[in-house]
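Right, one structure below, let's go through it.
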Amino acid sequence: MVTALPESPEAFKNATWEDILPFYEALASCPLDAGNVEDWLADWSQFESLLTEAATVAHFLYAGNTADTNREAAEVRFGTQIMPKAREERVRLQARLVELGYAPAGLETVVQRFRNQIQIFSEANVPLFAELSNLETEWSKVIGALTVEWEGEEKTPPQLLPFLESTDRDVRERAFKLRARPYIEKRSAIAGIFDRMYAIREQVAANAGFDNYRDYAHREKNRFDYTPDDCFRFHEAVEDAVKPAVERILERRRRRMGLERLRPWDTSVDPMGRTALKPFDDIDSFIARGADVFGHVDPDFRGYYMSMVDAKLLDLENRKGKAPGGYCATLNYRKLPLIFLNAVGVDDDLRGLLHEAGHAFHSIEASRLPLLFQRHPGSEMAEVASMSMELLASPFIDKRSGGYYDEDESRRSRIEMLEGIVLFFSHCASVDAHQQWMYLNDAGRDSRARDAKWLELRVRFEGEAVDWSGLEAERVARWYQQPHFFSSPFYYIEYGIAQLGALQVWRNSLRDREEAVRKYREALALGATRPLPELFKAAGARLIFDPDGMRELVTAVEDELSKLDV
Ligand SMILES: [Zn+2]
């Protein structure tokens with residue numbers, strides 16, 4: 001022990017930065033050599049587990065009731081005072097480990113990540129990150145203030161989404177156009193913020209010694225196992241192997257709906273005109289039935305799930321005062337995950353629970369690794385865990401398996417999910433290709449050129465199955481609605497890579513479910529201790545950027561769709 005640690009995260013509940021700093025100082029100043037490095041790492045890991053658990057609990061409580069001023073104060077203390085400073089201290093400790101040259105088995109990938117972050121660090125970028133963060137705040141204020149008037153009521157653009165599922169086509173058209181309108185009206189303001197972000201990002205890259213921001217972003221994201229060229233191959237493969245399937249799916253929808261032309265407001269509604277799926281009436285049955293659904297995938301998952309239920313770590317229902325969105329986080333000290341959702345009784349809520357449960361099971365499987373730093377891989381593998389669970393659990397969402405739907409409804413939910421997976425690749429490729437282009441070309445500085453490029457990419461990846469004529473401004477507005485361009489640049493291709501991994505896990509399960517789930521669990525248990533291709537391999541998958549690999553999986557999805565769609 002290099003320092004005496006508290007007994008539980010409770011000790012940090014009301015901590016200020018002054019209470020936390022001495023622990024980091026002790027870890028930063030104690031003698032460190034090959035003889036005590038393991039103890040030092042264990043202490044550091046344990047300390048971070050206590051601190052991050054206190055922060056995670058504070059955030060979970062606040063998100064559950066944003067009107068509670070005590071909870072808000074704790075959230076602000078952790079979010080703005082403690083955690084940003086802790087991040088700086090962490091970099092100092094990472095540098096100590098890297099300098100020592102200590103990288104035993106199971107820690108190579110951890111040290112590789114630490115070393116990478118140290119290499120791209122530039123003191124000159126610290127104030128630029130603060131400027132970027134201020135611009136992000138400015139951007140989110142502009143977006144947060146966007147409102148529309150819908151039937152005499154003020155609404156936010158996302159609140160119009162349910163109307164896109166209306167069986168009344170006129171309602172859908174009005175909702176679609178109205179949702180895009182504030183983005184069209186505020187286009188120059190939003191594009192202006194983006195111009196400033198773009199300029200700072202270019203400077204960040206130059207300070208870190210990179211030719212362009214794209215190269216910097218790839219390195220900053222610890223992408224050691226695939227390159228920008230692989231991303232370009234991914235785009236081409238989507239165009240080649242996925243776009244025809246997108247067009248087939250949309251053409252089938254058009255015929256089902258008996259329409260001459262499919263317009264953009266026709267793609268979310270049930271094509272048979274049925275009312276929306278309703279997986280549950282009350283939150284208790286939503287939670288309770290999950291145990292059977294996950295138990296069918298693997299009996300241990302039932303146990304994992306029940307341990308979260310028993311510890312009251314599922315806050316699933318939407319209610320007044322709750323923060324929006326959904327997420328899974330881990331209590332690193334107790335080694336238990338929690339799930340936060342805003343369920344209102346729609347099919348997406350069920351999808352959200354299956355998805356977040358995949359993250360939760362990943363966290364539990366990986367928690368057996370001794371050090372916190374070994375447990376969480378990058379988002380490529382993290383999303384394989386969650387996206388696979390959506391697919392693996394989907395055969396058991398029917399009432400006969402203890403789930404939520406009668407047989408027809410279950411089929412309908414599964415069809416929507418599988419079609420959504422195929423359609424998503426077009427969007428994923430558009431978002432990544434747009435960023436690859438804008439940060440590599442001088443024209444990327446020009447907002448008009450960016451909009452024109454987006455339109456070109458949409459046609460390239462989406463094809464012509466939907467008639468966008470007369471809706472150019474609405475189509476352009478789509479990229480302004482995608483937060484990643486503004487707040488998480490280049491963070492998007494991960495979803496596509498992960499979905500291809502998840503589809504392989506699912507395809508394996510069609511042949512031999514037990515074996516597929518066994519491999520899936522083994523891969524999750526490896527946490528972050530192996531490079532990405534090895535994690536994929538352990539799960540029974542490979543990294544796919546090629547058209548043949550994509551085509552094979554898309555064909556498997558279309559085969560399944562034709563079985564379900566009778
Ligand atoms: Zn996720």
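Count residues from 1 along the sequence. Given the structure is predicted, the values throughout are model-derived calculations rather than measurements. Heavy atoms only: backbone and side chains are in, while hydrogens, waters and symmetry mates are out. Note that ligands are numbered from 1 as they come in the structure, with each ligand's atoms numbered from 1 the same way.
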(request) Would you kindly check if the NZ (Lys) or CZ (Arg) of Lys322 is within the cone defined by 45 degrees around the ring axis of Phe340 and under 6.0 Å from the six-membered ring centre? (result)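 Judged by the rule, Lys322 and Phe340 form a cation-pi pair.
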(request) Apply ring-ring contact (aromatic ring centres under 6.0 Å, His included) to Phe280 and Phe286, showing your working. (result) CA-CA 6 Å; Phe280 60 90; Phe286 182 41; 4.2 Å; yes
(request) Using a 4.5 Å cut-off on heavy atoms from C-beta on, say whether the side chain of Ser430 contacts that of Trp454. (result)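 A side-chain contact under 4.5 Å exists here.
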(request) May I ask you to test the Phe486-Met197 pair for a side-chain heavy-atom distance under 4.5 Å? (result)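 Counting from C-beta outward, Phe486 and Met197 do come under 4.5 Å.
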(message) Taking 2.8 Å as the limit, list every protein N, O or S atom around the Zn ion (ligand 1), by chain and residue number.
(response)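 Protein N/O/S atoms under 2.8 Å of the Zn ion (ligand 1): His355 NE2, His359 NE2, Glu383 OE1, Glu383 OE2.
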(message) Between Arg530 and Glu108, does any NZ, NE, NH1 or NH2 come within less than 4.0 Å of an OD or OE carboxylate oxygen?
(response)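 Salt bridge absent between Glu108 and Arg530.
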(request) Using a strict 4.0 Å threshold on nitrogen-to-oxygen distance, state whether Asp240 and Arg551 make a salt bridge. (result)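 Yes, Asp240 and Arg551 are salt-bridged.
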